[in-house]
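Have a look at the structure below before the remarks.
Keep in mind the model is a prediction, meaning the values are calculated, not measured. We count ligands from 1, going down the list as the structure has it; atoms in each ligand are counted the same way.
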Amino acid sequence: MSKLVAVTGGIGSGKTEVCKCFTALGVPVVDLDQIAHEMSAPGSAAMHAVRATFGDEMFEADGRLNRARLRELVFAEPDALDQLNQIMHPAIRAEAMRQIERNSAHDYVVLAIPLLVESRDDWHSVDHVLVVDCDEQTQLTRVVQRSQLSETMAQAMISAQSSREERLTIADSVITNDQTLDKLQEKVLEFHKNFSKTCQ
Ligand SMILES: Nc1ncnc2c1ncn2[C@@H]1O[C@H](COP(=O)(O)OP(=O)(O)O)[C@@H](O)[C@H]1O
Ligand SMILES: [Mg+2]
């Protein structure tokens, strides 16, 4: 059975970039965001449940989820967020477990999990927590550049997540991503070499 390394970090910290580095090193990456995204494809069981709970107005005429509208709703209404989580979380977790088991021949598997602080109870089976860290201003700049979000919305999303300090408290290792992507790659390689040794 492979070990499980959780990669977490705030929005825009560089989790996806770190995961690309692991993939390049041949380490399997199971990405909860990606699984969630795939589950919002029209016709999935999760989307039937979302439609039944939140109504047709969350969907386009062609059946696609209107992500922006759903995001606004769950931002404004904590109860709606709870309901959405109750639909999505068990399904996402089950798919993640399937993917982890499929890769059990590897020394370790990376689990990219944006909100680990918030969902620690679901993931106590994690062997090592790797936090990708950068300062809040860098996060903000990256989020605004990457998406069409306004600075206000980006700041709201950062503030809605657990704090930098809370994340660092649960870290077994930290990768500081405040330099170039080449430098980030070097740091991931160093982690990989060290962690692989502990798997022998
Ligand atoms: N060290 C870096 N140098 C330049 N751009 C970066 C760096 N790290 C991340 N980025 C860019 O910032 C954005 C957010 O990074 P990403 O890995 O998607 O963050 P996360 O997955 O944690 O939200 C992306 O557009 C990414 O390419
Ligand atoms: Mg990402």
Side-chain angles (χ1 to χ4, degrees), residues 4-41 46 65 67-68 70-72 74-75 81 84-85 88-89 91-93 95-96 99-100 109-120 122-123 126 128-192 195:
L4 196 53
V5 173
V7 168
T8 193
I11 181 171
S13 59
K15 297 177 294 295
T16 299
E17 293 293 346
V18 164
C19 288
K20 283 187 208 162
C21 299
F22 279 113
T23 301
L25 291 167
V27 179
V29 172
V30 175
D31 184 333
L32 293 192
D33 263 355
Q34 197 183 326
I35 293 173
H37 209 264
E38 284 161 9
M39 277 186 180
S40 12
L65 178 66
R67 290 170 200 280
L70 186 61
R71 196 189 297 133
E72 273 168 34
V74 299
F75 237 80
L81 180 60
L84 181 64
N85 285 342
M88 297 300 286
H89 280 180
I92 292 170
R93 197 186 137 79
E95 175 57 23
Q99 293 187 14
I100 291 164
V109 174
V110 162
L111 179 68
I113 170 164
L115 301 180
L116 183 59
V117 171
E118 291 84 341
S119 58
R120 197 75 179 102
D122 287 344
W123 294 107
V126 162
H128 194 97
V129 176
L130 173 58
V131 170
V132 186
D133 183 54
C134 69
D135 64 57
E136 230 181 68
Q137 187 53 52
T138 308
Q139 257 185 296
L140 190 62
T141 309
R142 285 183 189 151
V143 172
V144 169
Q145 270 172 9
R146 176 183 55 182
S147 53
Q148 309 308 319
L149 292 177
S150 66
E151 194 157 313
T152 312
M153 188 63 187
Q155 183 60 58
M157 292 180 84
I158 291 172
S159 303
Q161 296 187 338
S162 54
S163 67
R164 194 178 175 191
E165 289 69 32
E166 285 171 298
R167 281 191 293 272
L168 291 173
T169 304
I170 66 161
D172 295 305
S173 308
V174 178
I175 286 185
T176 306
N177 178 24
D178 58 0
Q179 292 164 286
T180 62
L181 288 171
D182 283 348
K183 191 73 196 167
L184 185 65
Q185 211 171 357
E186 277 173 33
K187 289 180 180 179
V188 175
L189 177 60
E190 192 190 332
F191 174 90
H192 174 65
F195 194 76

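Minimum heavy-atom separation, Arg164 to Asp135: NH1-CA, 3.4 Å. Considering every non-hydrogen atom in both Ile158 and Gln139, the closest pair reads CD1-CB, 3.9 Å. Ala154 and Val143 make their closest contact through CB-CG1, 3.7 Å (heavy atoms, listed as atom of the first residue, atom of the second, distance). Contact between Ser40 and Arg67 at its shortest, heavy atoms only, is OG-NH1, 3.2 Å. Residue Met153 comes nearest to Ser150 through the heavy atom pair N-OG, 3.1 Å, listed as atom of the first residue, atom of the second, then distance. The two atoms that bring Met88 and Ala46 nearest to each other are SD-CB, 3.9 Å, heavy atoms only.
The environment of CD in Gln179 is crowded: more than 12 heavy-atom neighbours from other residues, nucleotides or ligands sit within 6.0 Å.
Listing protein N, O or S atoms at distances below 2.8 Å from the Mg ion (ligand 2), with waters left out, gives Thr16 OG1.
Using a 3.5 Å distance cut-off with no hydrogens or angles, the side chains of Glu151 and Gln155 do not pair a donor with an acceptor.
Annotation: ligand 1 has protein neighbours Gly10, Ile11, Gly12, Ser13, Gly14, Lys15, Thr16, Glu17, Arg142, Arg146, Asn177, Gln179, Thr180, Leu181, each with a heavy atom less than 4.0 angstrom from the ligand.
Residues Lys187 and Glu190 are not paired through a salt bridge, judged by the lack of any N-O separation under 4.0 Å between the basic side chain and the carboxylate.
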